[in-house]
Each structure stands twice: as structure tokens, then as C-alpha cells.
Amino acid sequence: MDLRLNDKVVLVTAASKGIGFAVAERFAREGARVIISSRGGALLDDAIERIGGNVTKQAADLTQDGSGTKLVERIIDQYGRLDILVSNTPGPRIVPALETTDEDWEAAYGALLRPAVQLSRRAAQQMCLQGSGSIVFLTSTWVKQPAVGGVLSATMRSGVSALAKQLALELASFGVRVNQVMPGATGTDRMRDIMRAKSVQHATTEDEERAVTVRDIPLGRWAEAVEIADTVAFLASPVSSFSTGVAISIDGGAVRSTL
Ligand SMILES: NC(=O)c1ccc[n+]([C@@H]2O[C@H](COP(=O)([O-])OP(=O)(O)OC[C@H]3O[C@@H](n4cnc5c(N)ncnc54)[C@H](OP(=O)(O)O)[C@@H]3O)[C@@H](O)[C@H]2O)c1
């Protein structure tokens, strides 16, 4: 299917590896002009090489207040427009609710919710001027189904979900669509790090910890990052022109609720 993404200016944040990288690669393959962002350095340079074309980079540490706004402004200065924003953010600590500190909550706000607000607000201002645009927020299935240790992620991302719904309502009349993709367990460095930490904590192996997570996934495995990317590209593209305010879980059936 032609997603009609040729020449679209697309910003993907937290995109030097993992889910963000797979999303950026997918857009580049569709002929979009992709800008990938992360804290910068060798990982981001390597991501540019691996994608191989249709891609440039902008370093930005999303945990710095105002960095999301400045990042979008740099892209508008350079390209004169922004067609698609994929708002992806670094993940927070995995920690049981009662063991969280005030600093954990501040950090989770600064890493997850504040960048999503600042990126989308500046992007949406530009898209409203253009009379077109599309925003996809990457969140997590933990918004719908809690998991032990996921309180920082679930709470902050629930704010992002509300933001997505609110923006979908307020921006529709300007021709701007806003949607959300909620990945379940996906095979990235982050998931492998989490399994490693759990194996140390429980005196098990990483494979045993992985098997525990897979037990609750009806399709019997983690997602590949490209499987998340396919849905993001579809939802961001003009092909889904009548979808706004939608939230799609890509989780192998892990979320049990009917809606
Ligand atoms: N993997 C899963 O199962 C899963 C499921 C649901 C939700 N999620 C969420 O999806 C997001 C991406 O996860 P992932 O699994 O793809 O992780 P990952 O493979 O570890 O990639 C994380 C990305 O975030 C970037 N990053 C880290 N700190 C940053 C900062 N301060 N500013 C800007 N970029 C930063 C990293 O780039 P640099 O190091 O180059 O800065 C990297 O590109 C996270 O929020 C995660 O919690 C993941």
C-alpha cells in the first residue's frame, strides 16, 4: 500500500535506536524527509548510516525543559514546515509504587510528559498555520493495563493519552490529526536491560525473565520494533485521513479489555 508519505517532513524523537529508530527507518523507506533526534553522539550518527538516505539528525536532550519546543523550531526554520511529529520519549525507572521518590516523579514528568507537551504544542502551532499535519504519540499498554513496577510510566503516559485526546478535539477543525500508539513488550535494548535487572534481582536468567513476560502474551512473543513502526506510519499517513483521537495497542493480545 502506498502510504503517500513521499516528501513529507517527519520528526521522530528518541530515535537513535529501538522503537523510535524503527519508526524513522519506516518513514525514510516511504520517501519521507525524516529528522531523527536523540541526545546525539555515536549512536545517532550510526542511526543515520543505518537508515542510509532521506534522513538528517538534530541532537536534543528531551529531559531539558524547553528542548522539545526548540527542537521543533529548528526544524521549522530549516524546512519551512512540519508534516508529521512522532513524539517518542525516554523511558522512566521501573520501580514499585511505594519505593518511588519525589525525585523519581519529577524525573518521570521531565522525561515523559513535559517533552510530549512541548513538542506537540509547537508542532501543532505550525500545523494549524499549514492547515494540515499529523501527530502520533508513542505511549505504552501500561496506560490501559497496569504492571508491577510500571507506575511512573503508566501515570505520566496517561497524561500523554489525555493530551492526545484533547489535541485531537481542538485541532481537528484545522486539519490536524492526533493519534496514539501503545506498544506492548517489544524487543529493544530497553527491554533487554529490564530483563537483565530482573534476573539479578530474582537470581534467575534473562531467558527465564523473558519467558515470564511472554506467558501473558497470547501471540507468545514480544513485538519486533518494526511491527510498532508499521502502525505508526499507517496512522500518521494520509491513508488514515479519517482517524483522529484513536489509541491502538500493538501488544500480541496482552491487553484483555474489550475497548
Ligand atoms: N520496549 C518496550 O517494550 C516498550 C513498550 C512500551 C513502551 N516503551 C517506551 O518506548 C520508549 C522507547 O523505548 P525503546 O524500547 O525503543 O528504548 P531504547 O531502545 O532504549 O531507545 C531509547 C531511545 O531514547 C533515546 N533517549 C534516551 N534518553 C534521551 C533523552 N534524554 N533525550 C532524547 N532521547 C533520549 C535514546 O537515544 P540516545 O541514547 O542516543 O539519547 C534511544 O534512541 C520508552 O519511553 C519506553 O519506555 C517501550
Side-chain angles (χ1 to χ4, degrees), residues 2-15 20 23-24 26-38 40 51 54-89 110 112-139 157 159-181 229 231-248:
D2 178 6
L3 295 181
R4 307 205 297 273
L5 288 166
N6 202 38
D7 266 349
K8 299 281 186 208
V9 178
V10 181
L11 168 62
V12 187
T13 55
V23 169
R26 183 73 168 81
F27 279 108
R29 202 149 40 83
E30 294 290 329
R33 290 179 282 167
V34 183
I35 304 98
I36 58 172
S37 180
S38 81
I51 293 175
N54 292 343
V55 65
T56 57
K57 62 175 179 172
Q58 285 283 345
D61 180 347
L62 289 179
T63 62
Q64 299 301 307
D65 193 4
S67 62
T69 309
K70 287 183 198 142
L71 172 62
V72 174
E73 269 166 9
R74 288 206 298 273
I75 287 156
I76 295 167
D77 283 349
Q78 198 173 336
Y79 291 85
R81 60 184 298 112
L82 179 61
D83 297 303
I84 293 170
L85 165 68
V86 180
S87 170
N88 187 35
T89 54
L112 292 169
L113 183 50
R114 186 176 62 203
V117 169
Q118 293 180 345
L119 285 162
S120 62
R121 186 177 53 206
R122 188 63 192 92
Q125 286 163 348
Q126 173 64 25
M127 290 172 180
C128 287
L129 284 177
Q130 293 168 190
S132 69
S134 171
I135 298 173
V136 176
F137 291 99
L138 275 160
T139 59
R157 293 189 212 272
V160 177
S161 296
L163 174 68
K165 238 356 200 187
Q166 188 71 33
L167 289 179
L169 174 68
E170 294 188 15
L171 304 182
S173 62
F174 294 91
V176 179
R177 297 183 301 109
V178 185
N179 293 294
Q180 184 191 170
V181 171
T231 303
V232 173
F234 168 75
L235 211 45
S237 78
V239 170
S240 54
S241 52
F242 204 53
S243 295
T244 196
V246 167
I248 301 180

Discussion item. For a side-chain contact (heavy atoms from CB on, under 4.5 Å) check, start with the C-alpha distance between Leu129 and Gln126, then their side-chain angles and the critical distance, and finish with the verdict.
Written reply: CA-CA 5 Å; Leu129 284 177; Gln126 173 64 25; 4.2 Å; yes
Practice problem: Take Val23 and Asn88, measure what side-chain contact (heavy atoms from CB on, under 4.5 Å) needs, and give me the verdict at the end. | Solution: CA-CA 10 Å; Val23 169; Asn88 187 35; over 6 Å; no
Hey, does the side chain of [X] reach the backbone of [Y] with a donor-acceptor pair shorter than 3.5 angstrom?
| X | Y | answer |
| --- | --- | --- |
| Asp7 | Ala32 | no |
| Ser134 | Ala236 | yes |
| Ser67 | Ala60 | no |

Carefully, step by step, assess Arg81 and Ser132 under the rule side-chain contact (heavy atoms from CB on, under 4.5 Å).
CA-CA 10 Å; Arg81 60 184 298 112; Ser132 69; 4.0 Å; yes
Considering all heavy atoms of both residues, which atom of [X] and which atom of [Y] are nearest to each other, and what is their separation?
| X | Y | value |
| --- | --- | --- |
| Ser120 | Leu163 | OG-CD2, 3.8 Å |
| Asp65 | Gln118 | OD1-NE2, 2.8 Å |
| Ala15 | Val12 | CB-O, 3.5 Å |
| Val178 | Thr244 | N-OG1, 2.9 Å |
| Ala59 | Gly40 | CB-CA, 4.1 Å |
| Thr89 | Arg157 | OG1-NH1, 3.9 Å |

(message) If you apply the rule side-chain contact (heavy atoms from CB on, under 4.5 Å), what do you find for Leu113 with Val160, and how did you get there?
(response) CA-CA 6 Å; Leu113 183 50; Val160 177; 3.9 Å; yes
Does any non-hydrogen side-chain atom of [Y] lie less than 4.5 Å from one of [X]?
| X | Y | answer |
| --- | --- | --- |
| Pro238 | Lys8 | yes |
| Phe27 | Asn54 | no |
| Lys70 | Gln64 | no |
| Leu3 | Arg26 | yes |
| Ile76 | Arg122 | yes |
| Arg177 | Ser240 | yes |
| Thr13 | Pro115 | no |
| Leu119 | Leu62 | yes |

Quick check for you: to the nearest 0.5 Å, what is the distance between [X] atom [atom1] and [Y] atom [atom2]?
| X | Y | atom1 | atom2 | answer |
| --- | --- | --- | --- | --- |
| Leu82 | Glu73 | CG | CD | 12.0 Å |
| Ile248 | Ser243 | CD1 | OG | 7.0 Å |
| Leu85 | Ile35 | CG | CD1 | 10.5 Å |
| Lys57 | Ile51 | NZ | CD1 | 12.5 Å |
| Asp83 | Ile135 | CG | CD1 | 11.5 Å |

Taking side-chain contact (heavy atoms from CB on, under 4.5 Å) as the criterion, tell me which of Leu5, Val9, Val136 meets it with Ile84.
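With Ile84 as partner, side-chain contact (heavy atoms from CB on, under 4.5 Å) holds for just one option, Leu5.
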